[in-house]
Asks: 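This is the structure I have questions about; it appears just below.
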Amino acid sequence: MPVVLLVVALIVVVLVVRATAAAGSEVRGPRPPRRPRTPGTVRPTAPDDDPEFLRELARRLRRDDSPA
């Protein structure tokens with residue numbers, strides 16, 4: 001008997017979760033389309049990929065390496 005109640009409870013939970021998800025998507029409506037990223041705009045993923053960062057780093061290293 002306890003196993004049957006557990007299975008019934010599990011089925012009820014699954015049905016409630018599915019109904020809530022379905023109702024939520026209807027309330028929100030469809031997602032707006034995403035703007036495509038233009039191929040010319042490539043952002044650096046890390047500081048060491050950024051050319052400006054590398055130039056500034058090289059400039060600082062040259063300044064620190066100069067004889068005093």
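Quick caveat, the model's predicted, so the values are computed rather than measured. Every heavy atom of this structure was used, including side-chain atoms; hydrogens, water molecules and symmetry mates were not.
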Asks: Can you name the side-chain hydrogen bond (donor to acceptor under 3.5 Å, both in side chains) partners of Arg59, sequence neighbours left out?
Replies: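 Residues passing side-chain hydrogen bond (donor to acceptor under 3.5 Å, both in side chains) with Arg59: Glu56.
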
Asks: Among residues at least two apart in sequence or on other chains, which ones pass side-chain contact (heavy atoms from CB on, under 4.5 Å) with Ile11?
Replies: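 Val7, Leu15.
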
Asks: Tell me every residue that passes side-chain contact (heavy atoms from CB on, under 4.5 Å) with Val4, counting only those two or more places apart in sequence or in another chain.
Replies: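 With sequence neighbours excluded, Val4 shows a side-chain contact (heavy atoms from CB on, under 4.5 Å) to Val8, given in chain and number order.
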
Asks: Listed by chain and number, what are the side-chain contact (heavy atoms from CB on, under 4.5 Å) partners of Arg55, not counting sequence neighbours?
Replies: Pro51, Glu52

Asks: For Val17, give me all partners under side-chain contact (heavy atoms from CB on, under 4.5 Å), at least two apart in sequence or on another chain.
Replies: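 side-chain contact (heavy atoms from CB on, under 4.5 Å) list for Val17, sorted by chain: Val13.
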
